[in-house]
K.L.:
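Quick one: the structure is below, questions incoming.
As the structure is a prediction and not an experimental result, all values here were calculated from the model. For the numbers below, each heavy atom of this structure counts, side chains included, while hydrogens, waters and symmetry mates do not.
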Amino acid sequence: MTDVAGVVADAGAEAYPRIVATLIRVTGDWTLAEDCAQEALATALERWPRDGVPANPGGWLMTAARNRAMDVLRRATVERRKLRELALLADPAPAPASAEGDVVDDRLRLIFTCCHPALALEARVALTLRTVAGVPTADIARAFLVTESTMTRRLTRAKTKIATAGIPYRVPTGSALVERLPGVLAVLYLLFTRGYDADGEPAFAAEAVRLARLLDRLMPAQPEAGGLLALFLLHDSRRAARRDADGNLLTLDEQDRARWDHAAIAEGRSLLDRAGHGPYALQARIAACHATAPTAADTDWPAIARWYDELALIRPTPVIRLNRAVAHGYAYGPAAGLALVAEARSGGALDGYPPALAAEAELTARHGDPVRAAALFRAAADVVGSAAERRALLRRAAGLAG
């Protein structure tokens, strides 16, 4: 039974988003689509241990969910047109290329619907996780630091707004696509960040990579889609080397580069050939400079500084200006970097922001003032939210004091 349960879980992880996306397109009912997908999984847990695992588990689940939806619609006396459309869904046999394309298009439509600008940003992220990626509500609630019931209500409100506002279930075209795509990419970027942060959910980062890959596959003419995927791959390539045996975070210069995923790095670099110079592509080019350096000492900091100069022109946020300051500090000396840090922090935009304190600490240490640098590292540790990052900052401070 345990092995079968694992097969059901694996099949569900793969099939659930496709089932939900397809049933939403046909029925227009988000709750019905999700309920039928869940019931198909429950039915599989009941029947597969007795009847055996089908040859095509995902197709079996699609059929079970389709049949359940048909039953519900019949009982509700829903119009015949929807029943006819539902009955024409693909059978569980391996689908031809055109049918698979329909399924993929359904998922792309679902991504754009979940990421509609009429919804609050956090609602977009949560709805994408739940509906497109199939992440359990409890896991989403934990990531957002709320109770499961609170997250359930938020998701319900988001779906209700989609229905009442008449938000279309489609991928926009023309100028509307140009306007909407950055919002979709921003949701995936936030999703990846929530998974890649020191105390994040790794599964969220994996889902972001998968969805970015889907976007790039279906929208090859959109260079920022490829740029975002490249950025994810280049960062995620270091995941296995980010911690030591005791779980402590390691800086880039401390990591064993042999443990980096060099296939992911190669894929990320190849994407940059057509990624252009949008904000995500520029960040990916910066990540590529780190990922391709044989050692930390070989890092091409002048190139990174130039990419940050270009990035700061099109997206002059305080955080990007801070990162640019660090790059200039390594490329042209700590004094240059500290001057730019002061500019980035002017006006109080980065007050209480731990990375700003840590960046100033690092450049101060390199400038020859270990006492002040240690104090800045401790100040950063006092306000950082992650326990792993706090330990890393205090370790750095202790190293300077010693």
K.L.:
Is there a donor-acceptor pair under 3.5 Å between the side chain of Arg321 and the backbone N or O of Glu343?
P.N.:
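Checked: pair present.
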K.L.:
Do the side-chain N and O atoms of Ser149 and Thr152 include a donor-acceptor pair separated by under 3.5 angstrom?
P.N.:
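No - no donor-acceptor pair under 3.5 Å links their side chains.
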K.L.:
Applying side-chain contact (heavy atoms from CB on, under 4.5 Å), can you list everything that pairs with Asp369, at least two apart in sequence or on another chain?
P.N.:
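Asp369 satisfies side-chain contact (heavy atoms from CB on, under 4.5 Å) with Thr364, Val371, Arg372 once adjacent residues are dropped.
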K.L.:
Could you name each residue pair satisfying ring pair (Phe, Tyr, Trp, His ring centres under 6.0 Å) that touches residues 280-303, not counting sequence neighbours?
P.N.:
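Counting only pairs at least two positions apart or across chains, the ring pair (Phe, Tyr, Trp, His ring centres under 6.0 Å) contacts touching residues 280-303 are Tyr189-Tyr280, His290-Trp301, Trp301-Tyr330.
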K.L.:
Given 3.5 Å as the limit, does a donor-acceptor pair link the side chain of Glu360 with the main chain of Leu338, or not?
P.N.:
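No, Glu360 side chain to Leu338 backbone: no donor-acceptor pair under 3.5 Å.
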K.L.:
Under the rule for salt bridge (charged side-chain N to carboxylate O under 4.0 Å, His left out), what residues qualify as partners of Asp261, not counting sequence neighbours?
P.N.:
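Checked Asp261 against salt bridge (charged side-chain N to carboxylate O under 4.0 Å, His left out); zero matches.
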K.L.:
Write out all pairs satisfying salt bridge (charged side-chain N to carboxylate O under 4.0 Å, His left out) with one or both partners inside residues 390-399, taking only residues at least two apart or from two chains.
P.N.:
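Salt bridge (charged side-chain N to carboxylate O under 4.0 Å, His left out) check on residues 390-399 returns Glu254-Arg395, Glu362-Arg396.
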K.L.:
Please list all pairs passing the salt bridge (charged side-chain N to carboxylate O under 4.0 Å, His left out) test where one or both residues lie in residues 125-138, with sequence neighbours left out.
P.N.:
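Residue pairs passing salt bridge (charged side-chain N to carboxylate O under 4.0 Å, His left out), neighbours aside: none found.
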K.L.:
With sequence neighbours excluded, what pairs up with Asp244 under the salt bridge (charged side-chain N to carboxylate O under 4.0 Å, His left out) test?
P.N.:
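Salt bridge (charged side-chain N to carboxylate O under 4.0 Å, His left out) check on Asp244 returns nothing, list empty.
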K.L.:
Filter on ring pair (Phe, Tyr, Trp, His ring centres under 6.0 Å), then keep only pairs touching residues 39-58, sequence neighbours left out; what's left?
P.N.:
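Ring pair (Phe, Tyr, Trp, His ring centres under 6.0 Å) check on residues 39-58 returns Trp48-Trp60.
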K.L.:
Side chain of Arg124, backbone of Leu119: donor and acceptor closer than 3.5 Å?
P.N.:
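It does hold such a pair.
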K.L.:
Side-chain contact, heavy-atom cut-off 4.5 Å: Arg154 with Val146?
P.N.:
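In short, these two side chains touch, coming nearer than 4.5 Å.
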K.L.:
Please collect all salt bridge (charged side-chain N to carboxylate O under 4.0 Å, His left out) contacts where either partner lies in residues 267-282, sequence neighbours excluded, each pair once.
P.N.:
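Qualifying pairs, neighbours excluded: Arg213-Glu267, Asp216-Arg274.
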K.L.:
How close do Leu363 and Pro334 get, counting heavy atoms only, and between which atoms?
P.N.:
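Heavy atoms of Leu363 and Pro334 come nearest at O-CB, 3.5 Å.
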K.L.:
Residues two or more places apart in sequence or in another chain: which of them pass salt bridge (charged side-chain N to carboxylate O under 4.0 Å, His left out) with Arg210?
P.N.:
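If we apply the salt bridge (charged side-chain N to carboxylate O under 4.0 Å, His left out) test to Arg210, skipping adjacent residues, the hits are Glu207.
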K.L.:
Going by the rule salt bridge (charged side-chain N to carboxylate O under 4.0 Å, His left out), which residues pair with Glu224 if we only count those two or more places apart in sequence or in a different chain?
P.N.:
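With sequence neighbours excluded, Glu224 shows a salt bridge (charged side-chain N to carboxylate O under 4.0 Å, His left out) to no residue whatsoever.
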K.L.:
Kindly state each residue pair satisfying ring pair (Phe, Tyr, Trp, His ring centres under 6.0 Å) with at least one member in residues 212-234, sequence neighbours excluded.
P.N.:
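Counting only pairs at least two positions apart or across chains, the ring pair (Phe, Tyr, Trp, His ring centres under 6.0 Å) contacts touching residues 212-234 are Phe192-Phe232.
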K.L.:
Show every salt bridge (charged side-chain N to carboxylate O under 4.0 Å, His left out) that has at least one partner inside residues 289-310, sequence neighbours left out.
P.N.:
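Counting only pairs at least two positions apart or across chains, the salt bridge (charged side-chain N to carboxylate O under 4.0 Å, His left out) contacts touching residues 289-310 are Asp309-Arg324.
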